[in-house]
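Input: a single structure, listed below in structure tokens.
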Amino acid sequence: MRRNIVMLSFLFWELIFLSANPFLTDAASGRWQLLQKSIGITAMHMQLLKNDRVVIFDRTDFGKSNLSLPNGQCRNDPNEKALKIDCTAHSAEYDVATNSFRALFVQTDVWCSSGSVMPDGSLIQTGGFNDGERRVRIFRPCPGCDWEEIENGLAVRRWYATNHILPNGRQIVIGGRRQFNYEFYPKSGGAANTHSLPFLVQTRDGNIENNLYPFVFLHVDGNLFIFANNRAVLLDYVNNKILKTYPEIPGGDPRCYPSTGSAVLLPMKNLQAQFVEAEVLICGGAPKGSYTQATRGHFLGALNSCARIKITDPSPQWVMETMPRARVMGDMTLLPNGNVLIVNGAAAGTAGWEYGRNPVLNPVIYRPDSELGSRFELQNPTTIPRMYHSTAILLRDGRVLVGGSNPHLGYEFTNVLFPTELSLEEFNPSYLDEQFSHLRPKITSPASQAKLRHGQKLAVRFSVTGTLAGNLVSVTMVAPSFTTHSFSMNQRLLVLTAEKSTSLGISTYEVQVTAPGSAYLAPSGYYLLFVIHQEIPSEGIWVQIQ
């Protein structure tokens, strides 16, 4: 009987997908391609590293995955909630160049954890569930490397926290379930273990919370913009002082987990100006009461609004915009040309086990420099619903890697509304279409892995086979993100100050740019550098700013 009900429900939602996503006109763009039908685990967390490998992991208490550990390895964990002895992997390394993957060994539970990349390119990953809640894990981008774990590397348990790299090269770890404080990693002598942050108490909606995985961005003055639930503050984390309280988003609906929207710091420009402006965009989420209603089987429609605020203004105000589709659990990814991709998620319900309905299969491109009211462009749909525990990250060649989706307590592939999704696919924005190949730049120097100093002038050479529009050339730097639960931690795009492009011969050009002048604008570390011509990006190169 249960099976019949589930299948009828599945057919019902298939009809909903079709009616919600009619055949698109030629105005829609973007192409999808399946990369791997199964990598054996679900991509709940993803991070691109400087060697063009993507570290992926889900959680150890899902039970057996579909990816075996190599060489007869087994994980033996007497504290595990699922299998005490598990010979399957819950982490993998995906090689972008070869479209292949290998199993990684993670010892403690990484469920709903957080992380960011350090200046040397190593991924520092923090917290999780059960015996993983105070762990620090390190993954170094080197051949054959695997996870290293530091027991009690955190002062307190961190579950659903947010990390951000700081100008001094350390990471801050903020919040988490029942943690109204922050701490730093690595630890420094004499520093307090944790620092109280009452803002996280003030933004907590009882047992529902709605302030987990807060949206955190490094402000141009070196302080931190922190958004939780429906409002934000500017935190001086050195002196543990709130410098500014921002207005509540109009309408007051929550935007953080489990009423999960997404957020980006929009591209930062004019970096040599005395005062650099910064704007934050927050899109989607779920109305007040959505989580409670979902637990009772009632799935409220998601929010269809975005809120944009210039966080550097003396008296900042939110500007509201309307998306083509309502969306909860969407991912927002900065593209090399400064546009924002909004992908994944559902049109009803909320984050949590089995609480999302009506997948949104069409991505949207948001163009921040267009006029208000004309910034959204609907894209062609995928065929794979990406619900709770989905991810999306930018790759060096301009594609977006999309994976994940598992709204279940374990791996469930049959007789469920949304099966556990082990696949990886790519979304190709229209700038990768063949019709634009003659406009696409190709960087010839510097070589990838180049090193830069803050404020350094850099000559970037590139070729274009078509006619160059010199006044439509720019250079951008993108910090790859640690992405989980619809938020891309540490994501950042900077438009470098550029001088006029000059010709060096047939189809070859050079543009002089200046690197960001301080670690407040660009913390030390690895970035992807792109040349943009008429909104068409080159393949990126890795640069390390020091």
Side-chain angles (χ1 to χ4, degrees), residues 6 9-10 13 42-45 57-63 81-82 109-114 127-130 133 157-162 175-179 200 203-215 228-230 253-263 283-303 326-331 344-360 385-392 403-412 416-421 483-487:
V6 170
S9 181
F10 177 79
W13 284 108
T42 189
M44 187 189 297
H45 312 75
F57 51 97
D58 51 22
R59 51 184 284 207
T60 61
D61 57 348
F62 268 153
K81 301 289 187 181
D109 201 350
V110 288
W111 178 22
C112 300
S113 52
S114 52
F129 181 63
N130 193 23
E133 60 190 16
R157 66 195 299 266
R158 298 288 175 189
W159 194 29
Y160 300 88
T162 297
R177 182 153 283 171
R178 293 180 289 279
Q179 294 296 341
L200 294 177
T203 52
R204 185 173 188 260
D205 287 343
N207 292 329
I208 300 168
E209 296 172 289
N210 278 332
N211 66 347
L212 300 177
Y213 281 125
F215 305 146
N229 196 320
N230 56 17
D253 287 314
R255 308 280 178 155
C256 289
Y257 183 91
S259 299
T260 304
S262 191
C283 291
K288 292 177 182 177
S290 290
Y291 186 85
T292 301
Q293 289 297 314
T295 64
R296 299 168 180 168
H298 303 295
F299 304 100
L300 302 182
L303 300 177
R327 196 182 304 252
V328 62
M329 297 182 288
D331 284 281
N344 298 335
T350 183
W353 304 130
E354 319 295 342
Y355 293 156
R357 292 295 185 274
N358 194 7
V360 183
R386 302 282 184 183
M387 306 290 280
Y388 188 40
H389 291 146
S390 299
T391 45
S405 187
N406 189 20
H408 316 297
L409 282 168
Y411 296 101
E412 300 285 351
V416 290
L417 190 56
F418 303 111
T420 300
E421 191 55 64
T483 300
T484 189
H485 290 75
S486 301
F487 183 54

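Nothing fancy with the numbering, it's 1 onward along the sequence. These numbers come from a predicted model, not from an experiment.
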* Asked: Looking at residues at least two apart in the chain, or sitting in another chain, which of them share a salt bridge (Lys or Arg N to Asp or Glu O under 4.0 Å) with D61?
  -> R59

* All ring pair (Phe, Tyr, Trp, His ring centres under 6.0 Å) counterparts of Y355, not counting sequence neighbours -> Y291

Kindly say whether [Y] contributes a backbone atom to a donor-acceptor pair with the side chain of [X] at under 3.5 angstrom?
X    : Y    : value
S390 : M387 : yes
S290 : T350 : no
N210 : N229 : no
T42  : E421 : yes
H45  : F57  : yes
S486 : M329 : yes
R177 : L212 : no
W159 : W111 : yes
T391 : A43  : yes
Y213 : C112 : yes

* **Side chains of F299 and N358 in contact at under 4.5 Å (non-hydrogen atoms)** => no

* To do: Would you check if the distance from the ring center of W353 to the ring center of H389 is below 6.0 Å?
  => yes

* Structure fact -> In terms of heavy-atom contacts, Q293 and L300 come closest through CG-CD1, 4.0 Å

* Rounded distance (nearest 0.5 Å) linking atom OG1 of T420 with atom NE2 of H408 -> 4.5 Å

* To do: Could you tell me the separation between the CD1 atom of I208 and the NZ atom of K288, rounded to the nearest 0.5 Å?
  => 12.0 Å

* Asked: Among side-chain atoms of S262 and D331, is any donor-acceptor pair under 3.5 angstrom?
  -> no

* Mind checking disulfide (SG to SG under 2.5 Å) for C283 and listing every partner two or more places apart, or none if nothing turns up? => C306

* Asked: Please walk me through it: do R255 and L303 pass side-chain contact (heavy atoms from CB on, under 4.5 Å)?
  -> CA-CA 9 Å; R255 308 280 178 155; L303 300 177; 3.6 Å; yes

* Once the angle between the rings of Y388 and Y257 is folded into 0 to 90°, is it parallel (under 30°), tilted (30 to 60°) or perpendicular (over 60°)? -> parallel

